[in-house]
Amino acid sequence: MIKIETVLNILKKDGLFREIIDQGYYHYNYSEVVFDSISYDSRKVKEGTLFFAKGAAFKKEYLISAISQGLAWYVAEKDYEVGIPVIIVNDIKKAMSLIAMGFYGNPQEKLKILAFTGTKGKTTAAYFAYNILAQHHRPAMLSTMNTTLDGKTFFKSALTTPESIDLFDMMAQAVKNGRTHLIMEVSSQAYLVKRVYGLTFDVGVFLNISPDHIGPIEHPSFEDYFYHKRLLMKNSRAVVINSDMDHFSVLKEQVEHQEHDFYGTHSSNQIENSKAFSFSATGKLAGDYDIQLIGHFNQENAVAAGLACLRLGASLEDIKKGIAATRVPGRMEVLTQKNGAKVFIDYAHNGDSLKKLINVVETHQTGKIALVLGSTGNKGESRRKDFGLLLDQHPEIQVFLTADDPNYEDPMAIADEISNYINHPVEKIADREQAIQVAMAVTSQELDAVIIAGKGADCYQIVQGKKEDYPGDAAIAERYL
């Protein structure tokens, strides 16, 4: 619950309050108004709700519908003239974040909060941190792949960083569940649309940057994308930054007067003796580490998480155990067949990520390589050409083209489109399970490998606009080990 006096004080303190317009319909003694829920969804209101009219697509009809359900007050940047009082603010999204904090009892003050940003690797780094902190603490995690507020129940998130009301609600649940730390991914969009406005992180980690999320409904330019990513550093008490990332010099200057750790070749925290499933570290994390996730970039993510967790109370022993225990569903999962051959399961679903995946596997597996791949129907159609041109450069790989969320398209027509760009034979098998089984059967010894790309941990196939149950690539691969 939150009193209107508290709401107004929060808004005034941040310079967001403009006025209350009650249009003469009500003659409130405002000091008696109390809200027992807050919402930005007009379908989820009742008497006693404080509603936030936000978003470019917001319509007056939403408010009228909410009033029919008992709504008596709302917050907005303008008066929609619907016959109930409105609190007018300068910035609805900032207002929503700050009021959500207050409504849920400022849960951010009761947790140590670690945030990761970067174009790639946020989820993997979050998993490393979760496993490290779980050794002797009680972490919660908000991740694209899996969210847990109690350390037992995991569910998939709709957004990389939840809307502010949902975020502080989740934080409050984590506190109620006795969690001590919160690990979360913070996207550039979270700052662009102010989902984390007013929040200060204990440690913020910047993993890397490359052009992404640039377009009419996202960031207008790379400069804008990079600026919003950097806001995490500005809003963190201590920071951890990859010294090998593009534009590192900009970040180095920005955090000069902050508590910070750098990692990578331009720092004392470096990776040495990098092998498929182990590496050594210098600097603060000096020692030898076992790791289940293959690839140098995953070792970098592990070091980033280790340095951050060191600041949050983890020991070197916790860090070693946590890194060794980490698996990420559908991200570089590695299984071993009875014949010794490896099976790599990864979410790689565009040309760039598939190229990196193939390069990592070929570095470590020098025998026969089979690849199971499809491309989604009715979206991302340019990927088909990208896949074909990439695979044309790898005649050594035995390619099995199959279904991957074909939706309203014929998976074999999609396979034909990909194969048009490949000048060596490929096999086309519509049934994904059968394609995986056949691909695994072509391996014979421990230097061989099967790559199953695209679906990652998804346990469904999108067919004719609906999600059909699918066991998942890992579960199918395990059947044929």
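Side-chain atoms are counted along with the backbone in the values below, which use heavy atoms only and exclude waters and symmetry mates.
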**Asked** Would E433 and R479 pass as an ion pair if we require N to O under 4.0 Å?
**Response** yes
**Check: I345 and R331 side chains under 4.5 Å, non-hydrogen atoms** = no
**Message:** Could you check whether any side-chain heavy atom of I422 comes within less than 4.5 Å of a side-chain heavy atom of N420, counting everything from C-beta outward?
**Reply:** no
**Prompt:** Are K120 and E300 ion-paired here, with the side-chain N under 4.0 Å from a carboxylate O?
**Reply:** no
**Prompt:** Can you tell if the side chain of T123 reaches within under 4.5 Å of the side chain of E185, non-hydrogen atoms only?
**Reply:** yes
**Verdict with reasoning, E163 to K54, per salt bridge (charged side-chain N to carboxylate O under 4.0 Å, His left out)** = CA-CA 11 Å; E163 258 322 337; K54 74 163 188 75; 3.3 Å; yes
**For D386 against G351, the heavy-atom pair lying closest together** = CB-CA, 4.2 Å
**Request:** Kindly indicate whether the side chain of F400, heavy atoms from C-beta on, has any atom under 4.5 Å from the side chain of V442.
**Result:** yes
**Asked** So H247 and F222, would you call those rings parallel, tilted or perpendicular, with 30° and 60° as cut-offs?
**Response** tilted
**Request:** Output all residues satisfying side-chain hydrogen bond (donor to acceptor under 3.5 Å, both in side chains) with E109, sequence neighbours left out; order by chain, then residue number.
**Result:** none
**Request:** I would like to know whether F248 and F262 meet ring-ring contact (aromatic ring centres under 6.0 Å, His included); could you show each step before the answer?
**Result:** CA-CA 10 Å; F248 170 63; F262 301 141; 5.0 Å; yes
**Asked** Salt bridge check: are R237 and E259 linked by an N-O gap of less than 4.0 Å?
**Response** no
**Message:** With a 6.0 Å cut-off on the ring centroids, do Y347 and H349 count as close?
**Reply:** yes
**Results of side chain to side chain contact (heavy atoms under 4.5 Å, CB included) for S315 - residues two or more places apart only** = E317, D318
For residues 290-297, run the donor-acceptor check on the side chains, cut-off 3.5 Å, and write out each pair with its distance to 0.1 Å, sequence neighbours left out.
{"unit_1": "Q292", "atom_1": "NE2", "unit_2": "A324", "atom_2": "O", "d": "3.0"}

**Fill in**
Only one of D448, I369, V343 passes side-chain contact (heavy atoms from CB on, under 4.5 Å) with T443, and that residue is D448
**Request:** Could you walk me through whether F279 and Y289 pass ring-ring contact (aromatic ring centres under 6.0 Å, His included), step by step?
**Result:** CA-CA 5 Å; F279 67 94; Y289 293 81; 5.2 Å; yes
